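In what follows, a single structure is set out as structure tokens and then discussed.
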Amino acid sequence: MENIEIARLLIETADLMEIGGEDSFRIRSYRNAAGAIESYPERIEDILKDPNRSVTDIQGVGKSIAGSLKELVERGSFPRRDEMLEKYPPTALEMLRIPGLGPKGVRTLWEHFRVSTLQDLERLCQEQKLQELPRMGAKLEEKILKGISHYRQSAGRFLLNYASTVSEQLCEYLGAVPAGSLRRGRETVGDLDLLTTNEQAIGKFLKHPQVHDVLGQGETKASARFGIEGLQVDVRCVPEDSFGAALQYFTGSKDHGVALRQRALKMGYSLNEYGLFRVKDDERVAGKTEEEIYTTLGLVWIPPELRENQGEIEAAEKGRLPELIELSDIRGDLHMHTRESDGRATLEEMAEAARALGYEYIAITDHSKALAMANGLDEKRVVEFAAQVREFNKEDRGIRVFSGLECDILRDGRMDLAEDALAELDWVVASVHGYMNLEPQEMTDRLMRAVESPVVKVFGHPTGRVLLHREPYHYDFDAVAKEAAKRGVLFELNASPERLDLHATLLKRAKALGCRFTISTDAHHPRHLSNMKYGVQMARRGWLTKDDVLNTRGLRAFTAELRK
DNA sequence: GCCGTTTTCGGCCCGACTGTTTTCAGTCG
């Protein structure tokens with residue numbers, strides 16, 4: 001069992017305990033332990049197997065949870081979880097995912113109506129039965145109905161980081177490579193497509209301890225679910241001569257494949273997952289590698305992230321594909337948090353982790369005071385923090401730290417902190433964290449005002465979406481992007497796997513309008529700095545090159561840009 | 001439930017908004 005799955009089960013238990021109205025500090029302990037485990041560099045399962053080690057060495061894991069962890073990896077559950085699942089059906093957790101319903105609401109609905117599925121909840125709202133309960137009304141019913149509809153659209157999909165973790169593990173185990181939407185870098189993944197030439201792989205896959213619910217199995221293909229989360233995995237075994245054709249075929253996208261096959265036909269070829277064949281004599285002319293297929297069709301090889309039939313075939317034909325940004329181009333990370341607000345590490349720890357990644361600089365950007373829950377900084381603390389960073393930089397640490405802030409954009413578009421305090425800082429990210437449901441016009445006015453602020457360097461997570469959970473807020477994107485381009489305010493591509501915001505379509509749009517970008521992780525822990533790869537992959541989906549992204553500049557060039 | 005003790009029990013995070021309301025509980029971040 002991977003750490004990420006263990007963490008999920010602990011969080012699920014904490015959610016159920018919350019519905020049960022248990023002691024909030026005990027619940028928090030479970031969440032803390034989950035957070036520590038999720039970001040722990042070693043596998044919990046390996047530590048548990050080692051008689052010379054103890055998981056209680058992990059900050060946040062004590063005796064009780066250590067015992068639960070042992071049971072969890074042995075049998076997939078533990079007593080506290082079993083107990084909670086007896087009281088409340090697991091589907092209640094699904095109701096918790098609906099915005100507007102918290103633990104108390106879920107509990108009330110369960111106790112009054114025995115509602116346990118979204119379907120029942122939906123019917124209840126449609127029949128306006130919620131209004132019979134105290135403190136529930138028509139507006140809530142409406143909000144829940146909307147929430148259910150959004151939730152359904154995203155159900156059954158998985159975040160890229162989870163799918164990548166599973167994919168890496170299985171690929172190593174099987175000697176396979178990923179295809180499908182994971183390879184294209186889609187922000188969510190419905191199922192994993194793995195390809196191999198190893199004939200033993202199918203049998204091996206089915207014997208994997210975390211593989212269950214076999215959906216189909218044959219000589220060359222097996223399909224099953226993986227892990228507690230039930231991610232569907234398809235493994236295909238293909239002959240070596242067809243490997244490139246199969247990789248091309250199963251990487252997709254569907255639209256890209258259709259366009260490519262049409263092109264092949266026009267040129268007298270037929271393309272399928274076994275190869276590229278001449279129509280007149282059925283002779284195979286390509287198939288071992290993707291490159292030879294694309295080349296034979298008069299194209300340069302197209303990076304998987306671009307394969308959406310959005311103009312990439314035409315560009316490849318003319319040799320005008322962009323030279324896409326790569327992870328190794330990144331020289332710094334410009335959005336991260338420390339214990340000053342809601343991060344888990346110190347400035348020194350974040351800087352050291354970034355230095356270890358080979359970065360030349362970072363900006364520390366804790367929250368501002370409007371985010372009281374996160375212990376956001378006020379003017380006084382900002383000034384002190386800027387001084388602390390100057391002090392830090394006096395010694396050569398092998399990395400330069402810039403003093404920054406993720407400053408809230410207030411409801412009316414003003415910055416959360418006074419401009420003279422913000423002017424003390426090197427780097428201000430402006431972000432929306434509240435009043436996300438404004439009317440589009442009001443939201444546009446608000447963001448225009450924020451972008452007009454002379455202290456703002458970059459607009460953070462610009463659509464506000466939280467994948468599988470929250471929809472982006474509505475505003476006139478073009479208007480804000482044009483203004484940002486005019487004033488030299490950058491757009492952030494937030495690399496956190498929960499956000500990946502901006503997404504490909506808007507990246508392309510903003511680039512066309514003259515915008516430039518940063519790619520930053522929004523790390524709340526040193527481990528999160530490695531999420532940069534997901535951001536870069538999204539940037540590639542948005543056709544961005546090294547030049548489009550400010551934090552590909554070396555320290556000297558970046559500093560020069562700051563002074564502009 | 002965890003942590004850190006001036007060790008074995010006390011502290012751990014809370015402000016703002018919304019609408020369920022007319023004084024405040026529940027949700028969100």
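All chains are named by letter (A, B, ...) in the order of the sequence lines, taking the proteins before the strands, and each is independently numbered beginning at 1. None of these values were measured; they are calculated from a predicted model. Atom set for the values below is all heavy atoms of this structure, side chains included, hydrogens, waters and symmetry mates excluded.
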Under a 3.5 Å cutoff, is there a donor and acceptor pairing between the side chains of A:E187 and A:H503? no
For atom P, what is the distance between B:dC12 and B:dT5, given to the nearest Å? 15 Å
All pairs passing ring-ring contact (aromatic ring centres under 6.0 Å, His included) where residues 475-496 of chain A contributes a residue, at least two apart: A:F459-A:F491, A:F477-A:F491
Show me the protein contacts with nucleotides 7-9 of chain B, counting only N or O atoms at under 3.5 Å.
none

Matching residue for A:I409 among A:D416, A:L447, A:V456, A:V451 - test: side-chain contact (heavy atoms from CB on, under 4.5 Å): A:L447
Roughly how far apart, to the nearest Å, are B:dC17 and B:dT23 at atom C1'? 15 Å
Between the protein and nucleotides 22-25 of chain B, list every N/O to N/O distance that falls short of 3.5 Å.
unit_1 : atom_1 : unit_2 : atom_2 : d
B:dA25 : O4'    : A:R135 : NE     : 3.4

Please write out each protein N/O paired with an N/O of nucleotides 3-5 of chain B under 3.5 Å, distance rounded to 0.1 Å.
unit_1 : atom_1 : unit_2 : atom_2 : d
B:dC3  : OP1    : A:G60  : N      : 2.7

Now, which nucleotide makes the Watson-Crick or G-U wobble pair with B:dT8, with each of the two distances under 3.5 Å? none
Hey, are A:E406 and A:H461 close enough side-chain-wise for a donor-acceptor pair under 3.5 Å? yes
Expressed in whole Å, how much space separates the C1' atoms belonging to B:dC14 and B:dT8? 29 Å
With rounding to whole Å, what would you report as the distance between B:dT21 and B:dG26 at their C1' atoms? 13 Å
Closest to side chain of A:R28, choosing from B:dC28, B:dC12, B:dG1: B:dC12
Where does the angle between the aromatic ring planes of A:H337 and A:H367 fall among parallel (under 30°), tilted (30 to 60°) and perpendicular (over 60°)? parallel
Does a donor on one side chain sit under 3.5 Å from an acceptor on the other, for A:S181 and A:R186? no
Identify, between A:P103 and A:G137, the residue whose nearest nucleotide on DNA chain B lies closer to the 5' end. A:G137
Using atom C1' of each nucleotide, how far apart are B:dC13 and B:dG29 to the nearest Å? 12 Å
Distance-only check: which donor-acceptor pairs under 3.5 Å involve side-chain atoms of residues 89-100 of chain A, not counting sequence neighbours?
unit_1 : atom_1 : unit_2 : atom_2 : d
A:T91  : OG1    : A:S116 : O      : 2.4
A:E94  : OE2    : A:Y151 : OH     : 3.4

Whether the A:T338 and A:D366 side chains hold a donor-acceptor pair (N or O, under 3.5 Å, no angle test) is what I'd like checked. yes
Using a 90° cut-off around 0 for syn, call B:dT5 syn or anti. anti
Output the single nucleotide from B:dT27, B:dC17, B:dG1 whose closest atom is nearest the side chain of A:Y435. B:dC17
When you measure from the side chain of A:K104, which nucleotide among B:dC28, B:dG1, B:dT27 comes out closest? B:dT27
Could you check whether the rings of A:F558 and A:Y361 sit parallel, tilted or perpendicular, using 30° and 60° as the cut-offs? parallel
Identify which nucleotide among B:dG29, B:dG1, B:dC28 has an atom closest to any side-chain atom of A:P99, counting heavy atoms from C-beta outward. B:dC28
Output yes when at least one side-chain N/O atom of A:R80 is less than 4.0 Å from OP1 or OP2 of B:dG1, else no. yes
What integer number of Å spans the P atoms of B:dT6 and B:dG11? 15 Å
Residues which pass salt bridge (charged side-chain N to carboxylate O under 4.0 Å, His left out) with A:R339, listed by chain and number, not counting sequence neighbours: none
Would you indicate whether A:E439, at its atom CD, is surrounded by more than 12 heavy atoms from other residues, nucleotides or ligands within a distance under 6.0 Å? no
Once you round it to whole Å, what is the distance between C1' of B:dG15 and CG of A:D416? 12 Å
Where the side chain of A:R470 is defined as all heavy atoms beyond and including C-beta, which of B:dG26, B:dG15, B:dG29 is the nearest nucleotide? B:dG29
